[in-house]
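Input: a single structure, listed below in structure tokens.
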Amino acid sequence: MAKFYITTSIPYVNARPHIGHALEFVQADAIARYKKINGHGAFLTTGTDENSLKSVISAQKLGISAEELCRSNSKLFKDMSSAVGLSYDAFVRTSVDKEHMKTVQEFWAKCSESGDIYKKKYGGLYCVGCELFYTEGELIGGLCPEHHTKPEFVEEENYFFRLSKYEKRVMDAIEGNAVQILPQERRAEVINFIKSGLEDFSVSRSVERAHGWGLHVPGDDTQVIYVWFDALVSYLTGAGFSRDKDLFRRLWPADIHVIGKGIVRFHAVYWIAMLMSAGVELPKSILVHGYVTVDGQKMSKSIGNVVDPIAISAKYGQDAVRYYLLKEISTFQDGDFSEKALKDALNNELAGNLGNFINRTFTFIGSRMGGSIKELEMDEGRLVIDEAGKIAAEVDGLMARCQLGMALMKIMEISNIGNRYLQSNEPWKLADVDERAAREVLFACATLCRMIGILVYPFMPGAAERMLGYIGEKPSGYGKAVEIPASFSIKEHGILFKKIE
RNA sequence: AGCGAGGUAGGGUAGCCUGGAGUGCCCGCCGGGCUCAUAACCCGGAGAUCGGAGGUUCAAAUCCUUCUCUCGCUACCA
């Protein structure tokens, strides 16, 4: 049975979800839905990363327990998932999910059995205020960039992971595209990084330094597992690593990890080596998106321009937000979010162009054709359908390469073709002179509407379902998009996208 | 500093690999048309020395060299 396993990264819970998180969720979801609808039995895992020291510190600042902070913020991420329509199959909460804890410890044990985990003294410049180690380069004038105090040298015995041992094998996996990294620039970055040599890294912290928060190292109560080691393993947890061996065998290896550019190394180097060590198959690809600015500025609390995806979805609708994120923001590069641009996209492109095309077609069939229309010999209509069909094929090709924005742009072209076709043939005039010719135009337009509905489903599932519902259909595989139905019978239809303001 | 990516009309992009009239798309702007439709839609127009300079070529946004500017990565940091 075909399968497709896809993951999002699991966000930290020390802050609320922002539009950047939404971008990643929506990208992953669009790919997952595309696969699902085309018969690939997609399975999507997401979750929240809760075992970080930052959870404790943020909770302290708020005067609540870490458990409470994790619970409430994790819920916000779940809320955001429904707000943007992320159709996940597993949601891993790393601090409460028993399966996850079990998986992490099993995974740790496997790496340990391979002889890749050992104890070593680790010393570094430690800022008591931040409760973090800093590298020389991060300090400003030898002082902590946050607190402007001089960090002290602290030594601690930690467990280390033998990353160095896997240098060559990781390089081979990346260079040989056993693990494919998209886009190419990121792949080059990773290769460059590996070339500079891989050093072992610390995979545990003392319980004191972690404030007792986090998962214990198996057989050592004085140490907790480093958050990265823990968070990455959530991908296995979601797939059923220790819960359901059959499921795991079917799902793993992951087909795509969708991540942000800031965490490429952890996935493309650390994670790959960890999996090698544990004797688990490698993920097939890693899709790296960029960061989102807001009105041209970096999002930050101090500027106060952090965009809340839940609120924005409530205001403009899930489909419009998904449309904007997927089309206006490049799949791979940084992009900008502005509420004005979102509103313009909704009003002009979704309502004006797409929604209006659907509406004028179906309304006309309703008022002049008695609500239904049968296939007939077509001449120009056939050409128009073929032209749109070519675009549909291109969309499929773009999706296969995860070119989401381009694919969506192509779909919108079909709506353009439809509007143009209507305008140049004027069926509202034609119907009085040549009823058959008018029917041909409308039949072709209805075919385009259906095509759009099927193609657009991964991007805007809600709108697609409504669109197809007007003709009594449900979303289906892309192969069906180019079929020409024997007839259309228009059910009641409403306004697909309402303009705002 | 090293490595990587990029600089195309007011803004955002595609085209570059596999040279062939600046070719396309979205937003914005100007003019016209239409009235089936969500004051939507359609057509036309203005606006670019395709970052600068050299070179290869009958021909360069596209290939080569160089300069310049922007951005990313350079280890324990979501």
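Atoms considered below: every heavy atom in the structure, side chains included; atoms not considered: hydrogens, waters and symmetry mates. Bear in mind that the values here come from a model prediction, so they are computed numbers and not experimental data. The sequence lines fix the lettering, A, B, ..., with proteins before strands; numbering per chain opens at 1.
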Option passing side-chain hydrogen bond (donor to acceptor under 3.5 Å, both in side chains) with A:S9 (candidates A:H21, A:E24, A:H267)
A:E24
Interatomic distance, [X] [atom1] vs [N] [atom2] [rounded to whole Å]:
X	N	atom1	atom2	answer
A:M274	B:rC76	CE	P	17 Å
A:K120	B:rC76	NZ	P	13 Å
A:K410	B:rC25	NZ	P	11 Å
A:M412	B:rC41	CE	P	10 Å
A:N425	B:rC42	CG	P	14 Å
A:N359	B:rA40	CG	C1'	10 Å
A:W271	B:rA78	CH2	C1'	16 Å
A:I495	B:rA37	CD1	P	11 Å

Residue met sooner reading RNA chain B from 5', once A:T363 and A:L232 are mapped to nucleotides
A:T363
Does A:N348 put a side-chain nitrogen or oxygen below 4.0 Å from OP1 or OP2 of B:rG28?
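Looking at the OP1 and OP2 atoms of B:rG28, one of them is under 4.0 Å from a side-chain N or O of A:N348.
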Looking only at side-chain N and O atoms, does A:R420 come under 4.0 Å of OP1 or OP2 in B:rC43?
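Indeed, a polar side-chain atom of A:R420 lies that close.
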cation_pi(A:K54, A:Y12) dist<6.0 Å, angle<=45
no
Taking any heavy-atom pair under 4.0 Å as a contact, classify [X]: base, sugar-phosphate, or nothing.
X	result
A:F362	nothing
A:I259	nothing
A:E199	base
A:E413	nothing
A:F357	nothing
A:N416	sugar-phosphate
A:E328	nothing
A:S9	base
A:A431	nothing
A:I10	base
A:G352	sugar-phosphate
A:N353	sugar-phosphate
A:I358	nothing
A:K429	sugar-phosphate

Partner of A:Y159 by ring-ring contact (aromatic ring centres under 6.0 Å, His included), out of A:W108, A:Y118, A:Y226, A:F201:
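Among the candidates, only A:W108 passes.
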Using the aromatic ring of A:W228 (for Trp, its six-membered ring), decide whether it stacks on the base of B:rA78 within the limits of 5.5 Å and 30°.
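Whether judged by distance or by angle, A:W228 passes, so it stacks on the base of B:rA78.
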Verify stack between A:F364 ring and B:rC36 base, 5.5 Å, 30 degrees
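It does not: the ring fails the test against the base of B:rC36.
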Checking only heavy atoms, does the side chain of A:N356 share a donor-acceptor pair with the base of B:rA37 at less than 3.5 Å?
yes
Any-strand Watson-Crick or G-U partner of [N], both distances under 3.5 Å:
N	value
B:rA1	B:rU74
B:rC29	B:rG45
B:rU23	B:rA14
B:rA9	none
B:rA61	none
B:rU66	B:rG52
B:rC36	none

Taking the same atom, [atom1], in [N] and in [M], what whole-Å distance lies between them?
N	M	atom1	value
B:rG52	B:rG44	P	30 Å
B:rC26	B:rC69	C1'	27 Å
B:rA46	B:rC41	C1'	22 Å
B:rA21	B:rU13	C1'	22 Å
B:rC63	B:rU18	C1'	11 Å

Charged N to carboxylate O below 4.0 Å: is that the case for [X] and [Y]?
X	Y	result
A:E339	A:K343	no
A:D220	A:K119	yes
A:R436	A:E440	yes
A:E50	A:R93	yes

Of the non-hydrogen atoms in A:L69 and A:V13, which two are nearest, and what is the gap between them?
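The pair with the smallest heavy-atom distance is CD2-O, 4.1 Å.
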